[in-house]
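Here's the structure, in C-alpha cells; my notes come after.
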Amino acid sequence: MSAVDLTQFHKTFFEESREGLDAMEAALLALDSGATDRELVHTIFRAAHSIKGGAATFGFADVAAFTHVAESLLEEVRSERRAVDSGLIEVLLRSVDCMRAMLERSSQGRPVADAESEALRVELVQLVSGEVVAPAVAAASLVAPVSGWNIAFTALPHLLQTGNDPLRLFRELQQLGRLEVVRAFVTDSAPAQLAELDPSQCHLGWELRLHGAVARGDVDAVFDWLDGDCELTITPMVDAAAADAVPQTSDVPVPPAASASRPIRETATASSEGSSIRVGIDKVDALINMMGELVITQSMLSDIGEKFELSQLGRLRDGLVQLERATRELQESVMRIRMLPIASVFNRFPRLVHDLERKLDKRVRLELHGEHTELDKTVLEKIGDPLVHLVRNAIDHGLESPAQRKAAGKPETGTLKLNAYHEGGNIVVQISDDGAGLNHAAIVAKAQQRGLVAAGQELSDAEVAELIFQPGFSTAAQATDLSGRGVGMDVVRRNVRDLGGSVGVRSASGKGSTFTITLPLTLAIIDGLVTAVGSERYIVPLTSIVESLRLRADAVRKIAGGGEVFHFRDEYLPIMRLHRAFACSDAVTDIERGIVVVIEEDGRRVGLLVDDLLGQQQAVVKSLEAHYRRVQGISGATILSDGSVALIVDVGGVVRLGQQRKAA
Amino acid sequence: MYEDPMYEDKRAAAPPLQQLTFSLADEEYGVDILVVREIRSWSRVTRIPQTPDYVLGVLNLRGAIVPIMDLRLRFGLQRESYGDDTVVIIVAIAERLFGIVVDAVSDVVDIDPAAIKPVPDMGAVVDTRYLKGLATHVERMVMLLDVEKLMRPEDVETLDAALPAVQDVEVAA
C-alpha cells in the first residue's frame with residue numbers, strides 16, 4: 001500500500017472547515033434570534049461532523065477530539081434530548097471561536113490545544129449528559145503544569161480486529177513525550193495453552209508513563225478511536241512537589257471558562273489566506289466566450305493583413321472596432337473575476353452585534369441590505385476593519401440603552417442598517433442607526449478644548465460632523481470624556497482614503513446618524529481625463545471631476561495670503577495651480593489661457609488649473625510604491641498608448657497639498 | 001560532495017565577485033553583476049513632483065514603473081545632457097527595480113573579495129556612504145557601489161518619516 005501524502009489536502013480541509021464554521025456561526029445566530037427551524041440544527045451538526053471527520057483523517061487529533069465533544073452535545077440537541085437556550089448557544093458560539101482558533105493554529109503548524117480550548121472542552125464534556133469525567137481532577141490537571149500521565153491500557157480481545165494497533169498508539173504517545181512502560185502483562189482472557197492462542201485476539205495490557213507537560217486532550221486524542229475496544233484509565237502523574245504547589249500558586253492561568261473576560265472578536269482572520277479566490281463558473285464561461293470572439297477577430301484581421309488591398313479598408317476598420325470591443329469586454333470580464341460580493345464582510349456583523357449587545361447591554365436589530373453587491377477583492381479585504389469600527393461605534397455611542405430609548409419614545413430595540421449599492425462608478429456602503437445622533441455640544445466642547453475651533457464660534461452641522469474625523473478626536477483616553485462619536489474616526493477616514501474612497505456622515509439629533517462610505521469599484525482601472533501641464537501629462541480621475549471651465553481673469557479674486565478663489569455655483573472655490581503644486585516648468589500661468597477643472601473630495605471642492613484637456617482615457621493603475629515610494633498628490637502611474645508614463649493625480653492629496661501651502 | 005581535483009584550488013579561496021564596471025566623471029565604479037537586470041540606452045522619463053532632483057523620473061519598463069536616478073546628480077556633480085549615448089543600468093534589490101544613469105559601461109571583471117579594501121574618508125568628490133569598498137583591477141582602482149544603500153537613501157527615509165507629522169500639524173493648525 002503506497003502512502004498517500006495527505007498534506008496536499010490540508011489547504012482544502014482548512015478552507016472547508018472555515019466555511020463550515022461560518023455556516024455553524026450563522027445558524028447559531030439565527031437560532032438565537034428565535035428561529036426554530038430544525039434544518040438549522042442539522043446544518044450545525046453536519047458542519048461539526050465534517051470538521052471532526054476531516055480533522056481525524058488529516059491527523060489533527062486535538063481538533064477532532066474537541067469537535068467530537070461539541071458534536072456529542074449537538075447530537076443531543078438534534079435528537080431533541082436537549083432544549084436550545086441562549087446559554088447553550090453561547091457555549092456553542094464559543095466552541096466555534098475555539099475551533100476556528102485551533103484550525104488557525106494547526107494550519108500554521110503551531111501546537112493546537114491550549115488552556116482555553118481544554119477548559120472549554122471540559123465544559124462541553126460536563127454538559128453532555130452521561131459522559132462524566134472527574135471534572136475537578138481534569139480541570140485542574142488541564143491548566144496546571146502536569147509532569148506527565150499514568151496510563152493504564154488494557155486491550156479487549158477484539159482490539160486488533162478494529163484495525164487498531166497498540167504499537168502505533170505507543171509511537172504516537174512517544175511523539176508527545178518520553179514514554180515509559182512500567183509493566184506489560186497478559187490479561188486473564190488469554191487462553192491457558194499456547195496452542196489455543198488465536199493470533200487475531202489481543203490479550204495484553206500495559207501500564208505506561210508519559211513524561212512531560214502534555215495536554216490531556218493530546219493523550220485522549222491518541223485513544224480517540226478505541227472507544228469500547230479497551231479499558232483505559234488516564235490519571236495525571238502526581239509528583240508530590242507539583243501536587244502541593246498547584247492549588248496555591250497564584251500564577252496558574254485562570255480557566256478561561258469565565259466568559260465575561262472573553263474579548264469580542266473584532267475581525268475575522270480572513271486576510272490570512274488571501275491567495276486564492278473562488279470564481280463562479282459563469283464568470284469563467286463568460287471569459288471563454290470573450291476569448292473565442294477575440295480569436296475570431298484576430299484571425300479575421302490577420303486574413304486581411306496577409307493580402308491587403310485598399311478596397312479592404314472598410315473591413316479592416318470593422319475588424320479593429322470589433323477588436324476594441326472584444327478587448328474591452330475581455331478586460332471587464334477579467335476584472336469581474338476579482339469582484340466578490342460584500343456578503344463576506346457583512347457576514348461577520350451578526351456575530352459582532354450579538355456579542356456587543358451582550359457586552360453593552362443594548363438591544364439591536366441588524367438589517368443587512370445589498371449583500372450581493374460586488375466589489376474588488378483588494379477593496380473588500382481592506383474595508384472590513386473600518387466597517388467593524390463604524391458598527392462598533394454605532395452600537396456603543398449611537399444607540400441608546402433600552403431604558404433611554406423607551407424614555408425618548410422609541411422602541412427599545414435599536415435598528416442598525418447596513419446597506420451596499422452601486423452608484424455610478426462607485427460602491428456606496430451606508431451604516432445607519434436610529435440612535436441619538438451626534439452629540440453636538442460635546443463635540444464642540446471637545447474641539448474647543450483641543451483648540452480646533454475658537455470659543456464662541458458657531459458651527460454648522462456639517463462642520464461639526466467634520467470635526468469627528470480630525471486626528472485630535474482619536475485616542476481612547478479622550479474618548480472617555482466624550483459622549484459623542486469619534487473614536488478613531490480619523491483612522492477610518494485614512495483607511496477609506498487609501499482605497500481611493502471617501503467617508504461622510506449625516507446626523508439628526510435624536511433620530512440617528514448615517515455614515516456613508518463611497519469606494520471605487522476597482523482599484524486597478526480608472527476612467528481618467530488626460531490633462532496637459534507644460535510638457536507633462538497628468539491624469540485626473542473622472543469620478544472626482546465636477547466640471548471643467550475656462551475662467552475670465554476678472555472672475556478670479558485674490559485673497560489675503562496669496563490665495564486665489566473664483567465664484568462657482570454659489571460658492572467660492574480656491575484655485576489650485578497644478579503647475580505650482582508639482583513645480584512644472586513651461587506651463588501656462590495665465591488663468592484665462594488655462595482650464596480650471598473643478599474637483600471634489602470629501603465634499604470639498606477645488607479648482608485645479610491645468611493647461612489643456614487632452615481627452616478621456618481608461619488608465620490601468622500602476623503603483624509608484626512598487627519600485628519607488630509614495631509621492632504626495634500622486635496616486636499612481638499609468639502607461640499611455642505611446643508607451644510613456646503618465647502620473648495619476650490623487651485628488652484628495654492635491655486638495656490637502658493646497659491647504660498645506662495655504663497654511664505654510 | 002562532488003570531488004574533482006580540477007576545482008580544488010578554486011574552492012580554496014572565496015569565489016571572485018563579478019562586478020560590472022562603469023565610468024562616472026572619469027572614475028571607475030563597480031556594481032555587483034548579480035543585481036544588474038539590464039543595461040539600456042537613455043529614453044525619456046516622466047518627471048515625478050516632490051522628489052529630489054537626482055531622481056529624474058520614472059519610465060515604463062515592460063509595464064513596471066521604474067524610477068531612474070542620475071548617479072552624477074546623486075554625487076553632487078553636473079550632467080550636461082542626456083542623449084542616445086547615455087547609459088542606464090537597471091538594478092534590482094529584493095524585487096524592487098531602480099535605474100542608475102552613468103556615463104558609460106566598461107566591462108565585467110572578477111574581483112577577489114580578499115583584495116577589497118575599506119573606503120578611506122575621501123571627503124571630496126564622492127559621497128563615500130554609498131561605497132562598499134575599493135578594489136584594484138589591472139592597475140585601476142574600482143569603487144564598489146553599495147546599491148542597496150543607494151536605493152534607500154537616508155534623506156528619503158527621513159523625509160518619509162517626517163511627512164505624516166507634517167500633515168498632522170497642518171490639520172491642527
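Just so it is clear: chains get the letters A, B, ... in the order the sequence lines come, proteins before strands, and each one is counted from 1.
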Tell me the closest heavy-atom pair linking [X] and [Y], and the distance in Å.
X	Y	result
S623(A)	I65(B)	O-CB, 4.3 Å
V645(A)	T46(B)	O-OG1, 2.5 Å
R629(A)	Q50(B)	NH2-O, 3.6 Å

When you compare the side chain of [Y] with that of [X], does any pair of heavy atoms fall below 4.5 Å?
X	Y	answer
S644(A)	N60(B)	no
T51(B)	Y628(A)	yes
C584(A)	R47(B)	yes

Side chain, backbone, both or neither: which part of L97(B) has a heavy atom under 4.5 Å from chain A? both
What part of V45(B) lies closer than 4.5 angstrom to a heavy atom of chain A: side chain, backbone, both or neither? neither
Taking it one step at a time, do F98(B) and H627(A) satisfy side chain to side chain contact (heavy atoms under 4.5 Å, CB included)? CA-CA 7 Å; F98(B) 211 98; H627(A) 299 289; over 6 Å; no
Name the option with the most non-hydrogen atom pairs under 4.5 Å to chain B; the candidates are L624(A), V631(A), T638(A), I639(A). I639(A)
Flag yes if more than 12 heavy atoms outside E38(B) fall under 6.0 Å of its CD atom; otherwise flag no. yes
Over 12 non-hydrogen atoms of neighbours within 6.0 angstrom of CG in D26(B): no
